[in-house]
Amino acid sequence: MTKLITAAEVSLHNKEDDCWCIINGKVYDCTKFLDDHPGGGEVIVECAGTDATEPFDEIGHSEEAVKMLEDMYIGDLERDLAAEAEAAKKAQQPGLLQSIWGSIFGSS
Ligand code: HEM
């Protein structure tokens with residue numbers, strides 16, 4: 001059975017000798033890979049404990065690189081619907097400047 005791992009759990013593995021990353025909803029233990037990474041271990045350590053999907057995709061990694069992830073796979077990211085709803089709500093709330101702007105010009 002697939003192991004479900006929360007983002008909170010991933011965030012605890014945020015250093016060079018204990019380095020997990022989320023890429024496209026899957027969780028990878030990259031600790032043993034750091035020395036072998038063609039782009040250097042440091043860039044991965046910088047993403048340790050977080051969602052590295054964006055930096056991983058931005059570099060334009062090859063098919064081969066994506067395949068290498070399989071060896072590091074440890075589980076799927078468990079979606080935290082409450083946290084996602086909260087984040088969506090926050091994103092919809094206008095910031096202070098927007099509110100002031102809205103009260104002057106009649107829209108927010
Ligand atoms: C843990 C998952 C990762 C794997 C398996 C991986 C694998 C690879 C591989 C195989 C290459 C050689 C080029 C290619 O085949 O695409 C590469 C290059 C590179 N990677 Fe990653 N990578 C990972 C994560 C990351 C992250 C999170 C970043 C950025 C924050 C990153 C930045 C780079 C850079 C900058 C290069 C280019 C190095 C150069 O050409 O000098 N990688 N990676």
Side-chain angles (χ1 to χ4, degrees):
M1 209 179 101
T2 311
K3 188 171 182 225
L4 288 178
I5 305 169
T6 62
E9 161 90 47
V10 175
S11 74
L12 301 174
H13 304 269
N14 59 356
K15 43 191 182 289
E16 204 177 339
D17 60 356
D18 182 14
C19 174
W20 293 8
C21 285
I22 300 162
I23 298 173
N24 290 318
K26 295 196 156 124
V27 182
Y28 300 96
D29 183 346
C30 312
T31 316
K32 294 202 182 92
F33 175 69
L34 297 178
D35 286 345
D36 298 328
H37 182 227
E42 206 171 305
V43 286
I44 300 182
V45 174
E46 274 169 23
C47 305
T50 70
D51 193 321
T53 308
E54 235 178 80
F56 184 86
D57 285 349
E58 262 169 23
I59 302 304
H61 281 94
S62 65
E63 287 274 314
E64 204 182 322
V66 175
K67 262 208 131 0
M68 288 165 104
L69 286 173
E70 285 171 21
D71 288 341
M72 296 169 233
Y73 173 76
I74 50 173
D76 282 4
L77 181 68
E78 183 171 1
R79 292 187 60 185
D80 182 342
L81 295 177
E84 281 174 33
E86 191 60 30
K89 214 164 94 188
K90 273 206 181 117
Q92 276 168 11
Q93 273 166 9
L96 181 61
L97 273 176
Q98 256 178 306
S99 301
I100 294 169
W101 185 271
S103 66
I104 296 171
F105 296 104
S107 70
S108 59

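Counting starts at 1 for both ligands and their atoms, following the listed order. Just so you know, these numbers use all the heavy atoms, side chains as well, and skip hydrogens, waters and symmetry mates.
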- Separation between CD1 (Ile23) and CE (Met72), nearest 0.5 Å, reads 8.0 Å
- Measure the distance from atom 2 (C) of ligand 1 to every protein heavy atom, then report the residue, atom name and distance (to 0.1 Å) of the closest one. Leu69 CD2, 3.4 Å
- Who's closest to atom 33 (C) of ligand 1 heavy-atom-wise, of Glu42, Lys67, His37, Glu58? His37
- Message: Quick test: of every protein heavy atom, which one is nearest to atom 26 (C) of ligand 1, and how far off is it to 0.1 Å?
- Response: Ile44 CG1, 4.0 Å
- Looking only at atom types and distance, does a side-chain atom of Thr2 sit under 3.5 Å from a main-chain N or O of Gly75, one as donor and one as acceptor? no
- Should you measure from each heavy atom of Cys30, which atoms of ligand 1 turn up under 4.0 Å away? 1 (C)
- Keeping the roles fixed (side chain from Gln98, backbone from Gly95), state whether a donor-acceptor pair exists under 3.5 Å. yes
- Note on the structure: Min over Pro55, Gly39, Gly60 of heavy-atom distance to atom 37 (C) of ligand 1 lands on Gly39
- Query: Just by distance, do the side chain of Thr31 and the backbone of Cys19 share a donor-acceptor pair under 3.5 Å?
  - Reply: yes
- Query: Which residue holds the protein heavy atom closest to atom 3 (C) of ligand 1, what is that atom called, and what is the gap in Å?
  - Reply: Phe56 CE1, 3.5 Å
- Taking all non-hydrogen atoms of both residues, which atom of Lys3 and which atom of Ile74 are closest, and how far apart? CB-O, 3.9 Å
- Message: Could you tell me, atom by atom, which parts of ligand 1 come under 4.0 Å of a heavy atom of Cys47?
- Response: 27 (C), 30 (C)
- Within 6.0 Å of CD in Glu84, more than 12 heavy atoms from elsewhere: yes
- Task: Using a strict 4.0 Å cut-off to heavy atoms of Met68, name the atoms of ligand 1 that fall inside it.
- Result: 5 (C), 10 (C)
- State the atoms of ligand 1, each with its element, that fall below the 4.0 Å cut-off from a heavy-atom position in Met72. 5 (C)
- Message: I'd like to know whether ligand 1 has Phe33 as a neighbour, heavy-atom separation below 4.0 Å.
- Response: yes
- Query: So which protein heavy atom does atom 35 (C) of ligand 1 come closest to, and at what separation?
  - Reply: Ile59 CD1, 3.8 Å
- Task: Looking only at N, O or S atoms, find the one in His61 nearest to atom 21 (Fe) of ligand 1 and name it.
- Result: NE2
- Query: What protein heavy atom sits nearest atom 39 (C) of ligand 1, and how far off is it?
  - Reply: Pro38 O, 4.4 Å
- Message: Below 4.0 angstrom, counting only protein heavy atoms, does anything approach atom 42 (N) of ligand 1?
- Response: yes
- Item | Enclosure of Asp35 CG (heavy-atom neighbours >12, cutoff 6.0 Å) | no
- Shortest protein heavy-atom distance from atom 15 (O) of ligand 1, along with the residue and atom involved: Ser62 OG, 2.5 Å
- Message: Measuring from atom CG of Asp17 to atom NZ of Lys32, what distance do you get when rounded to the nearest 0.5 angstrom?
- Response: 12.0 Å
- Message: I want to check something: taking the side chain as every heavy atom from C-beta on, are Val66 and Phe56 in contact at a cut-off of under 4.5 Å?
- Response: yes
- Within 4.0 Å of atom 13 (C) of ligand 1 (strictly less), any protein heavy atom? no
- Query: Rounded to the nearest 0.5 Å, how far apart are CD of Glu54 and CG of Asn24?
  - Reply: 11.0 Å
